[in-house]
Undergrad: 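Encoded as structure tokens, here's the structure I'll be asking about.
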Amino acid sequence: MAAYPSSTAVGSTAEPYRATKMWNAAIEAFCQGMPTGTRRFLLRQYDSAFTAGEAVDWLHQYLRTSGDFGPSVTRHQTVQLLQKFLTAGIFTEVRGKGSRFQDNKSIYRFTEPYPTVCSRPPLSARDTNTLTVDSCPGGEKANKPLKAKAPAPPVDPQLELQAWNQATLKRLTELLGEDWVCRMIDSYCIDSSYMKHNVTRRSRSGIVKPTAEEDDVPHWVLSAMKCLANWRSGEEQAEWQLCYSGFELDVLKVISEYFQGLEQPLLHPVSSSLISRLLDDDDHVHVQMATTTEALQLCCLLAHPNDYRKLQLLARFMTTVANNPSLTLHPSLPARTLMLKIFTWCIVRGSSHQQNQYAYDFGAMQMASYLLDHHKDILVSPPDLQHRVQRLLHRSRPEQRVTFCKQISCEEFENQKLSLSQHALGELLQSILHDTRMPNKVRQRKLKQFKEIYPDIYAEHATEMKGNPIRAQTAKPSFPKIKKPLLKLNGLRF
């Protein structure tokens, strides 16, 4: 049986806003105490859900045992209350079709955050001259001055890429010094779009998305990597693991052939140089580990997004295989050493390293080992880099004017009301006088009406109306009316 939250008294019947407090208490108890789980309907499965009948049973029992409602609450009243919950958006039907709550097997799910009604103190208890943030509905947002929010102008793509370049290089200069950055970075052609893609285009697990589907790692390689990563031994073996002896070695060969066939190493040369520098200076690594990690994060962003993604997948694969005790890939070498011997060529290439899984370059293997140990900290988005880019873009944009409302005195308002009204009426009179398309009869009628309603304004423009030539210009010339000849049809013979 589900446990019911303890019901605390919300006050006597004479307490202000008692109904609001009872409403919030019922919502909080229902959302916290209503048990949810997996529900099925028409071959579909819905997690964290409950049925309408279960909701009625639970809430009816809670209301009957609550000190605020009592045992007189009926099941029909409970259904009515749940209908109000549904209308208020506390929960919703999983298929989005139901707007009427009924005591049946319909499946519902909570919406977060659920809305409640904030209780406010009575007006008599508040100081209307000095309202605090807590006394205003809406909290801090309601206490802020109203202002006209201007829409943000579109960002120039070229300007945005320049901001990414400047923010990255500036931060690297702060961490590593200007001499090293100028010597290493300037010798390579840096594409700012790579940095932006590697930071902003990531999946939920942190893996960079490919630039195009055809440039991604083939699905058969990903399947082979998952096969070895999920390898089990003994009774936990899957059916596909029992194909033949040496099956895991053939799967590893497929993976190694793909990555060793890449034209260039996955680690950017700038990152390789930085790791080599850090390995040569052990004291610097231990003293400034945080600085080192952030610098490597920034340097790895210089790589192509597809190479960055492959490096992330390969590093996770090597770590998982090296830490899998159920997998034996070599009779004498540990799994970690074997992974480094096979895939170091794919990550970084030393001066004497050849494309051979048995070749050995101590310097390159050291760099690959360092990356393997710290890939969870290195191959992630650098902190605050996007905020730095946004600040640079904000500074480069032209200053936007924000218009605030200004309060004026009653005297100024009356003066403006009189002057602006008179000005508008004068413009109306001018439009009547100078409208060449208006017939004279209509003009005279409108002028007569204007004179009767606004005699003062009419008198101010009397001199102008005396010399107004519109009437003479627009008057139609008077021609004698000529009647059309009458056709006498009588007496005609056909």
Side-chain angles (χ1 to χ4, degrees), residues 87 89 99 117 120 122-124 126-131 133 135-157 159 393-394 396-494:
T87 305
S99 59
V117 180
R120 298 176 296 173
L123 294 176
S124 59
R126 292 190 292 172
D127 186 2
T128 56
N129 295 326
T130 57
L131 292 178
V133 175
S135 64
C136 294
E140 297 180 359
K141 295 182 179 179
N143 199 35
K144 294 181 179 180
L146 299 177
K147 61 181 179 180
K149 185 177 180 181
V155 181
D156 185 9
L159 189 63
L393 290 175
H394 181 73
S396 61
R397 290 173 181 170
E399 184 179 357
Q400 301 180 12
R401 283 189 167 184
V402 181
T403 305
F404 295 87
C405 298
K406 181 181 178 182
Q407 186 176 3
I408 61 175
S409 62
C410 296
E411 184 180 357
E412 292 177 339
F413 172 75
E414 294 296 334
N415 293 335
Q416 291 182 8
K417 179 177 68 173
L418 181 60
S419 60
L420 294 177
S421 300
Q422 291 179 350
H423 180 71
L425 291 172
E427 290 182 349
L428 175 60
L429 183 59
Q430 294 293 331
S431 64
I432 296 175
L433 292 173
H434 295 87
D435 190 357
T436 57
R437 296 174 298 178
M438 184 182 297
N440 288 329
K441 291 183 178 180
V442 177
R443 190 194 317 276
Q444 294 298 330
R445 184 176 69 253
K446 290 182 178 296
L447 289 175
K448 183 178 180 180
Q449 293 175 353
F450 193 93
K451 183 178 180 180
E452 294 175 354
I453 301 174
Y454 308 106
D456 298 336
I457 301 177
Y458 186 87
E460 293 179 1
H461 298 78
T463 55
E464 182 179 355
M465 288 186 291
K466 291 180 180 179
N468 182 27
I470 296 297
R471 182 176 180 181
Q473 295 177 1
T474 58
K476 295 182 180 180
S478 57
F479 295 101
K481 294 183 180 180
I482 303 176
K483 296 182 180 180
K484 295 181 180 181
L486 298 177
L487 296 178
K488 296 182 179 180
L489 302 179
N490 296 333
L492 294 178
R493 296 180 181 178
F494 296 96

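Hydrogens, waters and symmetry mates play no part in the numbers below; they use all other heavy atoms, side chains included.
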Undergrad: To the nearest 0.5 Å, how far apart are CG in Leu429 and CG in Leu433?
TA: 4.5 Å
Undergrad: Compute the ring centroids of Tyr458 and Tyr454, then answer whether they are less than 6.0 Å apart.
TA: no
Undergrad: Let me confirm one number: the NE2-CD distance from His423 to Gln416, rounded to the nearest 0.5 Å.
TA: 13.5 Å
Undergrad: Can you name the nearest heavy-atom pair linking Leu447 to Ile432, along with the distance?
TA: CD2-CG2, 3.8 Å
Undergrad: May I have all residue pairs that pass salt bridge (Lys or Arg N to Asp or Glu O under 4.0 Å) and include part of residues 446-455, sequence neighbours excluded?
TA: none
Undergrad: Give a yes or no on whether the backbone of Leu428 and the side-chain of Ser431 come within a donor-acceptor separation of less than 3.5 Å.
TA: yes
Undergrad: If you round to the nearest 0.5 Å, how far is CZ of Arg443 from NE2 of His434?
TA: 9.5 Å
Undergrad: So how far is it from Asn415 CG to Ile408 CD1, rounded to the nearest 0.5 Å?
TA: 9.5 Å
Undergrad: List the steps and the verdict of side chain to side chain contact (heavy atoms under 4.5 Å, CB included) for Glu414 and Lys417.
TA: CA-CA 5 Å; Glu414 294 296 334; Lys417 179 177 68 173; 3.0 Å; yes
